[in-house]
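Heads up: numbering here begins at 1 and tracks the sequence.
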Amino acid sequence: MAVAYTHSTAEPATNLMVSAAAAPLCPSAALTQDDLKKIAAYKAVEHVKSGMVVGLGTGSTAKHAVDRIAHLLQQGKLTDIVGIATSMKTHDQAVSLGIPLSDLDTHPIVDLAIDGADEVDPDLNLVKGRGGSLLREKMVESATTKFIVIVDESKLVKHIGGSGLAMPVEIIPFCWSHSLKRLVNLFADSGCEGKLRRNSSDENGEIYVTDNGNYIIDLYFERDIGDLNKASDSILRLPGIVEHGMFIGLATSVIVAGVNGVTVKTKIGSEMEVDSFCYNDLRNGF
């Protein structure tokens, strides 16, 4: 990727979102959403150093990061990397690419984790788990010294749930309908609807089962749910709930790839540093 221009600013964490007009504009080829995901992933992998224990994320964006790490290992540009996979799918991908793997029992502190997200709000809070791996992702990414999130610009929202898409909650299978009703009632003021995740759009189709043998309830909000920590506590206090897909305060940096360049948003104390990278042809090197 040919970087032609960089721009760095620091601003309060509550005023993170950068308008298109504020970002440096660059001529670019027609880019697909997958191109943008790959760009963000490759930028994140620049932070991987030899000897690191690396959390390997799950999903279409994180897949590119795993591929890139494997490529650099094969080239000898990275050595002595140990990966910790956040799903069976990522485990299988890493094994097929020759990335050495371990677990949190052996490596309770992870140097760096790289993963995608389904939503990113202005304070770098996330929604994750639409791919079904939220529990293992949160276990690994809460144990890391540095957590870099990689997204394309379509994932930016004004508030958690703002995309209108699912905020997943992993539950035990026992009396799942009871759990669904209790979750929906918690957020009645936000116009919440809930659905048991299935492997197809058929309401009577096969129920989706996580790598941990659990079910997922997908919650949809018409309005802002307000205080995220309060919402988190309310969900986790319900018996039968395993984990939710809100990742509150876990992200260190978010790398956002857009057609006009890459924006890196990093928390530094109470401020948010925003770096913008402009390039002439995003396809170079991919």
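- Ala113 and Thr144 get closest at one heavy-atom pair: N-OG1, 3.3 Å.
- Here CD of Glu141 is found 10.5 Å from CG of Leu112. Values are rounded to the nearest 0.5 Å.
- A side chain to side chain contact (heavy atoms under 4.5 Å, CB included) with Arg182 is found for one member of Leu238, Ile241, Ile217 and no other, namely Leu238.
- The closest side-chain heavy-atom distance from Val45 to His71 is not below 4.5 Å.
- Around the CD atom of Gln75, the shell of radius 6.0 Å holds more than 12 heavy atoms that belong to other residues, nucleotides or ligands.
- At distances below 3.5 Å, not a single donor-acceptor pair connects side-chain atoms of Lys146 with backbone N or O atoms of Asp111.
- In this structure, Arg136 does not pair ionically with Glu170, as no charged nitrogen and carboxylate oxygen lie closer than 4.0 Å.
- In terms of heavy atoms, Leu36 sits closest to Val259 at CD2-N, 4.0 Å.
- The cluster map of Ile, Leu, Val, Met, Phe, Trp and Tyr, joined by side-chain heavy atoms under 4.5 Å apart, puts Leu72 and Val82 in different clusters.
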Q | Audit row: Thr263, Glu153, side-chain contact (heavy atoms from CB on, under 4.5 Å) steps and yes/no | A | CA-CA 9 Å; Thr263 301; Glu153 58 192 356; over 6 Å; no
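- Rounding to the nearest 0.5 Å gives a distance of 5.0 Å between CG of Leu196 and CD1 of Ile207.
- Rounding to the nearest 0.5 Å gives a distance of 11.5 Å between CD of Gln33 and CG of Leu31.
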Q | Test side-chain contact (heavy atoms from CB on, under 4.5 Å) applied to Lys43 and Ile150, step by step | A | CA-CA 9 Å; Lys43 186 68 179 172; Ile150 47 178; over 6 Å; no
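- Rounding to the nearest 0.5 Å places CD1 of Ile84 at 13.0 Å from OG1 of Thr90.
- With Val120 as the partner, the side chain to side chain contact (heavy atoms under 4.5 Å, CB included) test is satisfied by one option alone out of Leu126, Asn125, Ile160: Leu126.
- Taking 4.0 Å as the cut-off between side-chain N and carboxylate O, Arg197 and Asp218 count as a salt-bridged pair.
- No donor-acceptor pair under 3.5 Å is formed between the side chain of Ser253 and the backbone N or O of Thr266.
- Looking at Lys267 and Met272, their side chains come closer than 4.5 Å, going by heavy atoms from C-beta outward.
- Ile225 and Tyr220 are members of different hydrophobic clusters when ILVMFWY side chains are connected at heavy-atom separations under 4.5 Å.
- Phe147 and Met246 end up in different hydrophobic clusters when Ile, Leu, Val, Met, Phe, Trp and Tyr side chains are linked at under 4.5 Å.
- Residue Leu104 comes nearest to Ala143 through the heavy atom pair CD2-CB, 4.1 Å, listed as atom of the first residue, atom of the second, then distance.
- Here the side chains of Ile69 and Leu56 are in contact, with some heavy-atom distance below 4.5 Å.
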Q.
Let's go through Asn229 and Ser232 carefully: what are the C-alpha distance in whole Å and the side-chain angles of both, what is the deciding distance for side chain to side chain donor-acceptor pair (under 3.5 Å) to 0.1 Å, and is it a yes or a no?
A. CA-CA 5 Å; Asn229 287 304; Ser232 172; 5.9 Å; no
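- Counting heavy atoms from C-beta outward, Asp118 and Leu165 have side chains that stay 4.5 Å or more apart.
- Using a 4.5 Å cut-off on side-chain heavy atoms (C-beta onward), Leu228 and Asp123 make no contact.
- Shown here is Glu193, whose CD atom has no more than 12 heavy atoms of other residues, nucleotides or ligands within 6.0 Å.
- The side-chain heavy atoms of Val209 and Tyr215, taken from C-beta on, include a pair separated by under 4.5 Å.
- At least one donor-acceptor pair closer than 3.5 Å links the side chain of Glu119 to the backbone N or O of Ser163.
- Under a 3.5 Å cut-off, the side chain of Lys155 and the backbone N or O of Val256 do not form any donor-acceptor pair.
- Rounded to the nearest 0.5 Å, atoms OG (Ser276) and CG (Asn260) are 10.5 Å apart.
- Under the 4.5 Å side-chain heavy-atom criterion for Ile, Leu, Val, Met, Phe, Trp and Tyr, Phe247 and Val151 are members of the same hydrophobic cluster.
- Residues Ala44 and Ile148 approach most closely at CB-CG2, 3.8 Å, considering heavy atoms.
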Q) Leu78 and Met52: side-chain contact (heavy atoms from CB on, under 4.5 Å), yes or no, with the steps? A) CA-CA 9 Å; Leu78 286 176; Met52 278 187 167; over 6 Å; no
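- For the residue pair Gly162 and Val157, the shortest heavy atom distance occurs at C-CG1, 4.2 Å.
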Q: Please report the C-alpha distance between Ile109 and Val53 in whole Å, then the side-chain angles of each, then the deciding distance to 0.1 Å, and finally whether the side-chain contact (heavy atoms from CB on, under 4.5 Å) criterion is met.
A: CA-CA 8 Å; Ile109 299 176; Val53 177; over 6 Å; no
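- The cluster map of Ile, Leu, Val, Met, Phe, Trp and Tyr, joined by side-chain heavy atoms under 4.5 Å apart, puts Leu219 and Trp176 in the same cluster.
- Side chain of Asp224 to main chain of Ser190: no donor-acceptor pair is present (N/O by atom type, distance under 3.5 Å, no hydrogens or angles).
- Within the 4.5 Å cutoff, no side-chain heavy atoms of Asp92 are placed close to those of Ser87.
- Under a 3.5 Å cut-off, the side chain of Asp211 and the backbone N or O of Ser133 do not form any donor-acceptor pair.
- The backbone N or O of Gly205 sits less than 3.5 Å from a side-chain atom of Arg198, completing a donor-acceptor pair.
- Judged purely by atom type and a 3.5 angstrom limit, Asp152 uses its side chain to pair as donor or acceptor with the backbone of Ser154.
- The CD1 atom of Ile248 lies 8.0 Å from the CG atom of Asp227; values are rounded to the nearest 0.5 Å.
- Not a single donor-acceptor pair under 3.5 Å links the side chain of Lys195 to the backbone N or O of Glu203.
- For Lys77 (side chain) and Gln74 (main-chain N/O), no donor-acceptor pair under 3.5 Å exists by modelled atom type.
- At a threshold of 4.0 Å, the pair Asp34-Lys38 does not count as salt-bridged, since none of the basic side-chain nitrogens sits closer than that to a carboxylate oxygen.
- At a threshold of 4.5 Å between non-hydrogen side-chain atoms, the residues Ser50 and Thr79 count as touching.
- Closest of all the heavy-atom pairs between Asp67 and Gln93 is OD1-NE2, 2.9 Å.
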